[in-house]
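Written below as structure tokens is the structure these notes are about.
Note: hydrogens, waters and symmetry copies are ignored here, and every other heavy atom, side chains too, is used. Because the structure is predicted, anything quoted here is derived from the model rather than measured.
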Protein chains: 4
Amino acid sequence: MPKIVDQEQYRKELLRKAFDLLAEKGYANVTTRQLAKELGISTGAMYHYFPSKKALFEQLVEEMGQQDVGMLQRRVAGATSLNQRITMLGTFLIENEAYFVKQTAIWTDFCMNSNLEEMTSNDVFRRVDQRYRQAIAEALNLADPRMAQFIWTLVNGVLVEQVSNPDAGGFAEQIELLTAMLIAYFEKFPT
Amino acid sequence: MPKIVDQEQYRKELLRKAFDLLAEKGYANVTTRQLAKELGISTGAMYHYFPSKKALFEQLVEEMGQQDVGMLQRRVAGATSLNQRITMLGTFLIENEAYFVKQTAIWTDFCMNSNLEEMTSNDVFRRVDQRYRQAIAEALNLADPRMAQFIWTLVNGVLVEQVSNPDAGGFAEQIELLTAMLIAYFEKFPT
Amino acid sequence: MPKIVDQEQYRKELLRKAFDLLAEKGYANVTTRQLAKELGISTGAMYHYFPSKKALFEQLVEEMGQQDVGMLQRRVAGATSLNQRITMLGTFLIENEAYFVKQTAIWTDFCMNSNLEEMTSNDVFRRVDQRYRQAIAEALNLADPRMAQFIWTLVNGVLVEQVSNPDAGGFAEQIELLTAMLIAYFEKFPT
Amino acid sequence: MPKIVDQEQYRKELLRKAFDLLAEKGYANVTTRQLAKELGISTGAMYHYFPSKKALFEQLVEEMGQQDVGMLQRRVAGATSLNQRITMLGTFLIENEAYFVKQTAIWTDFCMNSNLEEMTSNDVFRRVDQRYRQAIAEALNLADPRMAQFIWTLVNGVLVEQVSNPDAGGFAEQIELLTAMLIAYFEKFPT
DNA sequence: AATGAATGAGCGTTCATTCAT
DNA sequence: TATGAATGAACGCTCATTCAT
């Protein structure tokens, strides 16, 4: 069944093309016509590959999640100490700044466009979110998963600031500062 | 004689009523009809008090900003050391958790619904954002305003996590972790 | 009952104040709020004097009609020959150019805002229109009322042109040309 | 493959269908829903062919202008004397009475719904109006273009009367009277 | 598979009219 | 009488989705 593989590939290529536009404008501010234009196909064709605008968005979020987790795992594979893991997470983020800022924009937008009850009941959200947590916990290899969650929260804070604040200043600088803080914390309270 | 004696006060009361709904659903997902229903008035009356949906939203953001800044100033008034200031900021946030989470939802939504150029040119955004930064810098009384800004970024990270992640776990716990981390950092690198 | 007279007087004064605004913007482009502001009263008070916006407009049209007819009758009172009558009608129009152009704007607007069946069934329209025709016929003292109607039609043509065509050129010049044409016609075909 | 092969032609067909309704009710008194119903399509489809209600109206005015000018040119092509030209213009109008009365209603409405400054700055108005003037001047072939303009003003007067006055009496009769008057004038003052 | 014209519910907004004061 | 806040039906218009081709 090579056909199905090709379809899958094409679907993923379309999602990749949609990424930038949705990150820049946000789900609610992009029309299906704009989206189809960006993908280089007709609206009808778009509905052939995705059952709805919302589904396209969800598939994009899911796709991103899988990609991120894979990238992260590969990246921290060789780290041995906690400090090293944290530093590696930092350089990984800094090297892919543009991507992660956009990704944060999309994820935040995704959350804003679901109300609270939807979010807890939404399969895509639960699945992707859980995978993220697990990947972060594994990558940092921390005994306490809540600490892994906390670090991820702070990283997200820096990313959200980049999205929502044009004057936020250097991303690299902030991530390095965060790394230094975490190291100072773990020196004081070794796990 | 008009029914409403103090228009200004009534307008603020309407903003307060709009707060919860906008925090929960987000600007783009609330219609003017829903909003009017929530406020307990007709759409026409709503347009009597606010020139547009956008203006209502902006006034809400501005109103919140003023309130927050005032509250924060009063709260940290008596603090003497940096550690004390940081701790006070933490307990202040924890005590008003529900309010600040909603407030973060609205502010984030405000940023997501404006594209970058709009945000930098939007008077309301610029004004309120600047007041926030200044208030935070004053509250923490740090020599380097960028450090104050960065701490605020991390606090926002914790708040955003509460908004976007219903399973994120205890807000108080995370803020306390953050406080501990900051104290550890400043012990290692005294300012 | 001097009270009633005063009310009547005030109502007419309000109509006079509404005249310019309605002539300039047109019925559909003036809101009741604008109208009330122009009259220097509240919308509530306006509805005390006029049962509806439409009624105000109709009363204005009727009032204008009565005024015009009276003015015209007084003006041509002393004329003896047809040429003299036509010339007098011409100078009368030229001397009151601004008024008649506005009046034409309002009357045309009134007709455009009534559909055909309304116009034939509308009491105000029928009454005012009939008075106009009769006044013109009397003023010109023509044996054939259709000829009077025809002359009035041509005069209206010149007036409408002033309303709808900013480059139409001198009103006086055009009325004089029309007068010359009519005189040439009556020299060739004496009545 | 799209359903409609020739968009341009369909657009003109839609304008033709809109003509009667707009002539009868006037721009301000026809809603987009009514208009769409009259055209036999949905409001959405209407906005597919016309960017706005105003644009539809302007395109209608422009389309009419082109059509009229072409018809008029073809009609007076063979005329040699001024009297012949005037007579031909008259019979041309009489033969197309219903069309020209509606056309006058639309054009007058167009002028009433634009205030003065809009009219002078409106590209459509300027262009169509200029084409009309030129066509009339050419059709009558008068040395003085202002005389051609004035004759057109009188013709418009007769047309407006038909629009605004259901009892105005025979259109043909009035046009014939006008023709006779013009001929009498030019006999007295040959150009 | 692919197109894009067509749909129509629903959007933000307006405004003639009403009515508590 | 007079005010102007309040109403809500209706406006011009948008856009996710469908479907004939």
Side-chain angles (χ1 to χ4, degrees), chain A residues 3 6-7 10 27-37 40-57, chain B residues 1-5 7 10-11 27-37 39-56, chain C residues 3 7 10 27-37 40-57, chain D residues 1-5 7 10-11 27-37 39-57:
Chain A
K3 277 266 163 171
D6 279 353
Q7 268 235 29
Y10 189 48
Y27 178 80
N29 297 316
V30 170
T31 68
T32 49
R33 277 168 183 71
Q34 280 177 287
L35 214 33
K37 199 169 204 174
I41 56 177
S42 66
T43 56
M46 202 172 78
Y47 274 83
H48 179 72
Y49 290 103
F50 305 98
S52 70
K53 185 189 176 188
K54 193 165 196 247
L56 185 152
F57 194 45
Chain B
M1 210 187 292
K3 283 179 202 168
I4 300 302
V5 179
Q7 277 227 29
Y10 189 50
R11 231 195 62 248
Y27 179 78
N29 298 315
V30 170
T31 70
T32 50
R33 282 161 186 78
Q34 278 178 289
L35 212 34
K37 200 167 206 174
L39 303 188
I41 57 176
S42 66
T43 57
M46 202 172 79
Y47 278 85
H48 181 71
Y49 290 101
F50 306 98
S52 68
K53 184 189 175 188
K54 191 165 196 266
L56 184 152
Chain C
K3 275 267 164 174
Q7 268 235 27
Y10 189 48
Y27 178 79
N29 298 317
V30 170
T31 68
T32 49
R33 277 167 184 73
Q34 280 178 286
L35 214 35
K37 197 168 204 174
I41 57 177
S42 66
T43 56
M46 202 172 80
Y47 275 83
H48 179 73
Y49 290 103
F50 306 98
S52 70
K53 185 188 176 190
K54 192 163 197 251
L56 184 151
F57 194 45
Chain D
M1 210 185 292
K3 284 180 201 167
I4 299 302
V5 180
Q7 276 225 31
Y10 188 51
R11 232 197 61 248
Y27 179 79
N29 298 315
V30 170
T31 70
T32 50
R33 284 163 183 77
Q34 278 179 291
L35 211 35
K37 200 168 207 173
L39 303 187
I41 57 177
S42 66
T43 57
M46 202 172 80
Y47 277 85
H48 182 70
Y49 290 101
F50 306 98
S52 69
K53 184 189 175 189
K54 191 164 196 266
L56 185 152
F57 194 47

Item to check | First of B:Gly44 and D:Ala28 reached from the 5' end of DNA chain F, by closest nucleotide | outcome: B:Gly44
Checklist entry - Does A:Gln7 put a side-chain nitrogen or oxygen below 4.0 Å from OP1 or OP2 of E:dA1? => result yes
Checklist entry - In whole angstrom, what separates D:Leu35's CG from F:dC13's C1'? => result 13 Å
Next on the checklist: In whole Å, I'd like the distance from the CG atom of B:Leu56 to the P atom of E:dT13.
Outcome noted: 10 Å
Checklist entry - Roughly how far, to the nearest 0.5 Å, is CD of B:Gln7 from NE2 of B:His48? => result 4.5 Å
Checklist entry - Does A:Tyr47 make a side-chain N or O approach to OP1 or OP2 of F:dT17 shorter than 4.0 Å? => result yes
Item to check | Options E:dT3, F:dT17, F:dA2, nucleotide nearest the side-chain atoms of A:Ala45 | outcome: E:dT3
Item to check | Full working for side-chain contact (heavy atoms from CB on, under 4.5 Å) between C:Ile41 and C:Tyr10 | outcome: CA-CA 12 Å; C:Ile41 57 177; C:Tyr10 189 48; 3.4 Å; yes
Next on the checklist: At 4.0 Å (heavy atoms only), tell me whether C:Thr31 reaches a base, stays on the sugar-phosphate, or touches nothing.
Outcome noted: sugar-phosphate
Checklist entry - For the side chain of B:Lys53, counting heavy atoms from C-beta on, which of E:dG12, E:dA2, F:dA6 is nearest? => result E:dG12
Next on the checklist: Test your reading of the model: is there a side-chain donor-acceptor pair from D:Lys53 to the backbone of D:Tyr27, 3.5 Å cut-off?
Outcome noted: yes
Item to check | D:Gln34 CD - F:dG12 C1' separation (whole Å) | outcome: 13 Å
Next on the checklist: Please pick, from E:dA2, E:dA16, E:dA6, the nucleotide with the shortest atom-to-atom distance to any side-chain atom of A:Tyr49.
Outcome noted: E:dA2
Next on the checklist: Need one value for A:Phe50: base, sugar-phosphate or nothing, where a base atom within 4.0 Å counts as base even if backbone is also close, heavy atoms only.
Outcome noted: nothing
Item to check | Closest listed nucleotide, where the reference is the side chain of B:Arg33 and the choices are E:dC11, F:dA5, F:dA6 | outcome: E:dC11
Next on the checklist: Applying a 4.0 Å non-hydrogen cut-off, can you work out what D:Thr43 is touching in the nucleic acid: base, sugar-phosphate, or nothing?
Outcome noted: base
Item to check | Nearest listed nucleotide, side chain of D:Ile41, among E:dA2, E:dT7, F:dC13 | outcome: E:dT7
